[in-house]
Structures are given as structure tokens and as C-alpha cells.
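Chain letters run A, B, ... following the sequence lines, proteins first, then strands; residues in each count from 1.
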There are 2 protein chains.
Amino acid sequence: MPRPRSLTPDLLAKAALAVIEREGPDGLSMRAVADELGMGTMSLYRYVQSREQLEALVVDHVLDPAQGGPDLDVGRARSWVDKATVLAVRAHAVATAHPAVAPLLLSRRHASIHSLRWGEALLGVLAEAGFAGERRAVAFRAIVAYVFGAVQLQQLGPLGGKGTAMIAALPREDFPLLAETARSARKIAPDAEFLSGLRLVLRGIAAK
Amino acid sequence: MPRPRSLTPDLLAKAALAVIEREGPDGLSMRAVADELGMGTMSLYRYVQSREQLEALVVDHVLDPAQGGPDLDVGRARSWVDKATVLAVRAHAVATAHPAVAPLLLSRRHASIHSLRWGEALLGVLAEAGFAGERRAVAFRAIVAYVFGAVQLQQLGPLGGKGTAMIAALPREDFPLLAETARSARKIAPDAEFLSGLRLVLRGIAAK
DNA sequence: ACCTGAACACCGTTCAAGT
DNA sequence: ACCTGAACACCGTTCAAGT
């Protein structure tokens with residue numbers, strides 16, 4: 001009789017997520033996840049072929065609409081700009097909600113089925129709006145680049161992280177504008193800033 | 001008599017760069033760089049406090065205008081849009097020229113003085129164009145997010161990397177638009193795509 | 001069938017020692 | 001002053017063995 005598997009991909013992802021949220025992004029290791037589950041390290045390899053695959057599991061879990069990931073239904077939005085905004089904001093919200101997972105999100109989102117579904121949904125919005133061929137491809141990639149560039153910026157950015165101390169310590173006379181911008185940016189909430197930037201990008205795409 | 005130091009930061013950066021270009025981004029290690037230089041591993045710690053600092057040295061070297069990094073002089077461009085385009089394209093070109101260094105560029109650019117100078121230059125262009133306060137901060141960050149998001153996308157993107165196989169293997173009926181876009185995107189050169197997207201972003205910022 | 005400890009080939013970094 | 005080997009506390013992963 002085969003013994004039943006004691007783990008599901010979902011349980012594995014949850015354990016890895018717990019490690020990341022407790023120890024930070026660098027705290028993730030096969031050994032740490034195994035400890036979290038009370039198993040030997042090598043037992044994980046029953047469920048996952050490599051650390052890379054475990055990371056993909058985490059990303060997939062976080063992006064799962066059934067687990068708090070971005071819902072792809074934009075039914076209520078009227079214009080295509082509103083619909084695209086909803087999708088972009090939801091993707092951004094996921095990264096903001098799990099800052100410690102963001103690095104993984106940036107490096108492994110392409111391996112997640114939910115990320116692909118999100119992309120397909122965004123392309124659907126653009127297609128419905130009449131974009132096709134190369135124009136649609138460029139618009140799509142511009143939005144995606146902005147969304148994930150913004151997530152990345154937020155990781156270092158004036159508010160969250162490592163950039164702050166650096167910029168605050170700038171010799172004011174060498175970088176007057178950067179210093180002033182850092183002060184300006186500190187007054188605006190990251191979500192509002194993301195939305196404002198997104199509006200600019202979408203406006204550029206909408207403009208004839 | 002103090003023995004003369006046998007290394008400069010520049011030589012160190014060059015050795016690390018050589019390792020990265022030869023072995024790929026993951027091949028970088030203190031031991032590998034020491035080998036490259038024919039020294040003991042620990043000798044590197046005479047010049048650098050940590051691996052992180054060595055990575056910063058590499059980024060700084062790659063972004064140094066005197067070493068092929070992005071020139072900040074936009075004298076010939078006429079409109080602010082043209083000037084911003086020149087700066088953005090040059091930053092993108094550096095990442096494209098050293099694809100193996102791009103991950104480092106993305107994660108450590110904030111620690112580089114040349115990156116700060118580039119930012120200050122871009123802010124100067126926006127300031128000259130009449131942008132101020134919050135509006136300037138948002139425009140600035142939108143451009144930066146797009147530029148580095150695009151670099152990141154190019155790392156995985158339909159052309160370069162790991163994304164390709166994945167997208168090519170997509171079940172066509174589940175992701176018709178993604179599949180079609182991948183085909184569309186394959187026909188357009190990455191540099192042209194970057195430029196087209198950048199134009200959209202800048203157009204959105206310029207629009208009243 | 002499922003789980004595991006020992007072992008291998010790596011890391012970055014501390015420390016005490018060599019010249 | 002400059003350089004270094006040994007050692008420590010980690011990694012991911014292979015393999016042969018336990019139940």
C-alpha cells in the first residue's frame with residue numbers, strides 16, 4: 001500500500017511563505033522550510049525538483065486569486081483605461097502586501113500560471129479596446145514594464161528600504177534635485193504614487 | 001615601508017566583470033574573482049568589505065561614463081522629450097550591452113554614484129521643462145520604473161531568455177493573445193520595442 | 001512509497017598567522 | 001602593511017539506506 005503523501009504543493013508554499021515573512025527573503029532555504037514543516041531536508045525533494053521550483057510554488061500561491069492574489073474580473077470598470085488600471089493596481093497590491101516576497105515575484109513570475117492569466121486578461125482589455133499587432137504588444141509590455149519596475153523601485157525606494165539612507169545622506173549641493181524629489185516623494189503614499197504614474201502611462205497609450 | 005597596494009577598485013571591478021561575462025551572473029564569487037586575479041580569496045577583503053560592496057564596484061564601473069557607461073550630456077537634443085529619450089536609451093543600452101550584469105544593475109544601481117548622477121540629469125531635464133514638486137516626482141519615477149522594468153522584462157523576455165520556451169509551449173487555446181503577442185514581439189527588435197514603449201510613456205507625461 | 005542522514009561541492013566571512 | 005590558509009557556519013543537491 002502506498003503511504004499517502006503528507007504534503008500538498010499548497011502546504012509547501014505556505015511553509016516557505018511563513019519562512020520568508022519571518023526571516024526575510026534571504027532566510028529562505030530548503031533546510032529552513034523543512035524545519036518549518038518538521039521534516040528532514042531531503043523530504044522536500046519528494047514534492048519539488050529544486051529550490052527554483054519551490055520558489056515558483058511560492059509565487060504561484062501568492063498570485064492565486066483563490067488565495068488573495070489578483071482577481072481578473074474587471075466587470076464593473078467602464079473604459080479600457082479603467083479596466084487596465086484595475087488589473088495593474090491589483091498586481092501592484094499583491095507585491096505591496098508581501099514585500100518580502102516581492103524579489104521572488106520579480107524573478108519568477110513568468111513561471112506562474114496565474115501570472116500568465118493576468119497577462120492574458122490585460123491583453124484582452126487592450127484587444128477589446130481595438131489594439132492589435134505590434135501596437136498591442138508595445139502597449140502591453142509598456143504597462144507590464146511600468147508595473148514591475150514600480151514594484152522594484154518600491155523595494156529600494158524612498159520609503160521602504162535601502163535607498164532612503166543613501167539619498168538622505170546625499171551631498172545636497174551635488175544632487176539638489178534628487179534631494180528635493182526624495183523629500184517630495186516622502187509626502188506621497190506609495191499607492192497613490194503608483195496610481196499617478198500608471199495614469200501617465202495609460203494616457204500615453206490612449207493618446208492618438 | 002608600506003608595501004604598495006597591488007589592486008585598485010577599477011582592477012577589482014574588471015576582474016569581477018570578467019568572471020561574470022565568462023561564467024554568468026551566478027558564477028560570481030569571492031573565490032572566483034580571487035582566482036581571476038591570482039590572489040588568495042581573503043586578499044580581496046583588503047579592498048572591499050563584503051561581496052555586496054564588490055557588486056557595487058561592478059555596477060559603478062559599468063555605469064561610469066569614462067568606461068562606456070551612459071554619457072549624461074544631452075546638449076544636442078532639442079525638446080525635453082528628446083533629452084529624456086537620450087538619457088533613457090543610454091541607460092537601457094548599458095544593460096543590453098552587459099546582459100549578464102543586468103541583474104546586478106537592477107539590484108544595486110542605487111548604491112552607484114553614477115546612477116545617482118543619471119537620475120539627477122533626468123530630473124534636470126524635467127525641471128527645465130517646467131515640472132516641479134509632486135508632478136516632477138511622479139514623472140521621474142514613472143520613467144525610471146519603465147526603464148528598469150523594461151530591462152527586467154528583457155531578461156526573461158520573449159527574445160533573451162527563460163520566458164521563451166515557456167510561452168512557446170503555452171496551450172494555445174488557453175492563452176491565445178499571449179501566444180499571438182509572443183509572435184508579434186519576436187518580429188520587433190528589443191531596442192525598437194524599448195523606444196516605442198518609452199515614447200508612449202513620455203507622451204503621457206507631456207500630455208496636458 | 002515515502003522519508004531521511006551522511007556526504008559532496010560549494011558559499012561568505014572571521015581569525016590568527018605568515019612575510 | 002599587505003597577503004593568506006585554515007576553519008566556521010552556512011548553502012543546494014546526490015546517494016544509499018531506513019521504515
Trainee: Which dot-bracket string describes DNA chain C (Watson-Crick N1-N3 plus N6-O4 or O6-N4, or G-U N1-O2 and O6-N3, all under 3.5 Å; [ ] crossing; | other strand)?
Mentor: ||.|||||...|||||.||

Trainee: I'd like to know if B/E134 and A/K187 make a salt bridge, using a cut-off of under 4.0 Å between side-chain N and carboxylate O.
Mentor: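 Here B/E134 does not pair with A/K187 in a salt bridge, since their nearest N and O are not under 4.0 Å apart.
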
Trainee: Would you mind classifying the nucleic acid contact of B/S29 as base, sugar-phosphate or nothing, using non-hydrogen atoms under 4.0 angstrom?
Mentor: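 Sugar-phosphate: the residue B/S29, judged by heavy atoms under 4.0 Å, touches backbone atoms but no base.
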
Trainee: Using a 4.5 Å cut-off on heavy atoms from C-beta on, say whether the side chain of B/D191 contacts that of B/H92.
Mentor: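 Side-chain contact under 4.5 Å: yes.
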
Trainee: For A/L7 and C/dA1, give me the distance from atom CG to atom C1', rounded to whole Å.
Mentor: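 For the pair A/L7 CG and C/dA1 C1', the rounded distance is 15 Å.
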
Trainee: Does any non-hydrogen side-chain atom of B/R22 lie less than 4.5 Å from one of B/V19?
Mentor: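 Counting from C-beta outward, B/V19 and B/R22 do come under 4.5 Å.
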
Trainee: Any side-chain heavy atom of A/S115 within less than 4.5 Å of one from A/H110?
Mentor: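 They are not in side-chain contact.
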
Trainee: Where is the tightest heavy-atom contact between B/F194 and B/A150, given as atom of each residue plus distance?
Mentor: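 Scanning both residues completely, I find the closest heavy atoms to be CD1-CB, 3.7 Å.
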
Trainee: Once salt bridge (charged side-chain N to carboxylate O under 4.0 Å, His left out) is applied, what residue pairs with a partner in residues 8-21 of chain B remain, sequence neighbours excluded?
Mentor: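 Matches after skipping sequence neighbours: B/D10-B/K14.
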
Trainee: Can you tell which of D/dC3, C/dC3, C/dT13 lies closest to the side chain of A/R46?
Mentor: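 The answer is C/dC3.
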
Trainee: Considering only heavy atoms from C-beta outward, does the side chain of A/V62 approach that of A/Q67 to under 4.5 Å?
Mentor: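 No - every pair of side-chain heavy atoms lies 4.5 Å or more apart.
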
Trainee: Report yes if at least one side-chain N or O of A/S6 is closer than 4.0 Å to OP1 or OP2 of C/dC3; otherwise report no.
Mentor: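 So the side-chain polar atoms of A/S6 do come within 4.0 Å of the phosphate oxygens OP1 or OP2 of C/dC3, strictly under.
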
Trainee: Whole Å only: how far is the CG atom of B/D35 from the C1' atom of D/dT4?
Mentor: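 Between C1' of D/dT4 and CG of B/D35: 13 Å.
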
Trainee: Could you tell me if the side chain of A/S184 sits less than 4.5 Å from the side chain of B/R136, heavy atoms only?
Mentor: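 Result no, sub-4.5 Å side-chain heavy-atom pair not found.
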
Trainee: Taking CE from B/M39 and P from D/dT4, how many angstroms apart are they, rounded to a whole number?
Mentor: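 Answer to the nearest Å: 5 Å.
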
Trainee: Indicate whether OP1 or OP2 belonging to C/dC2 is found under 4.0 Å from a side-chain N or O atom of A/Y47.
Mentor: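 Answer no for this pair, as no side-chain N or O of A/Y47 is under 4.0 Å from OP1 or OP2.
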
Trainee: Show the numbers, then the answer: is there a side-chain contact (heavy atoms from CB on, under 4.5 Å) between B/L7 and B/L37?
Mentor: CA-CA 9 Å; B/L7 250 50; B/L37 291 162; 3.7 Å; yes

Trainee: Where do N or O atoms of nucleotides 6-9 of chain D meet protein N or O atoms at under 3.5 Å, pair by pair?
Mentor:
none

Trainee: Starting at CG of B/L11 and ending at C1' of D/dC2, how long is that distance when rounded to a whole Å?
Mentor: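 Answer to the nearest Å: 16 Å.
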
Trainee: Does the side chain of A/Y45 get closer than 4.0 angstrom to OP1 or OP2 of D/dT13 through an N or O atom?
Mentor: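 It does, given that an N or O in the side chain of A/Y45 lies less than 4.0 Å from OP1 or OP2 of D/dT13.
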
Trainee: With sugar-phosphate meaning primed atoms plus P, OP1 and OP2, does B/R51 contact a base, only sugar-phosphate, or nothing at under 4.0 Å between heavy atoms?
Mentor: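 Sugar-phosphate only.
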
Trainee: Of the listed nucleotides (D/dT13, C/dG12, C/dT4), which one gets closest to any side-chain atom of A/T41?
Mentor: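 Of all the options, the side chain of A/T41 is nearest to D/dT13.
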
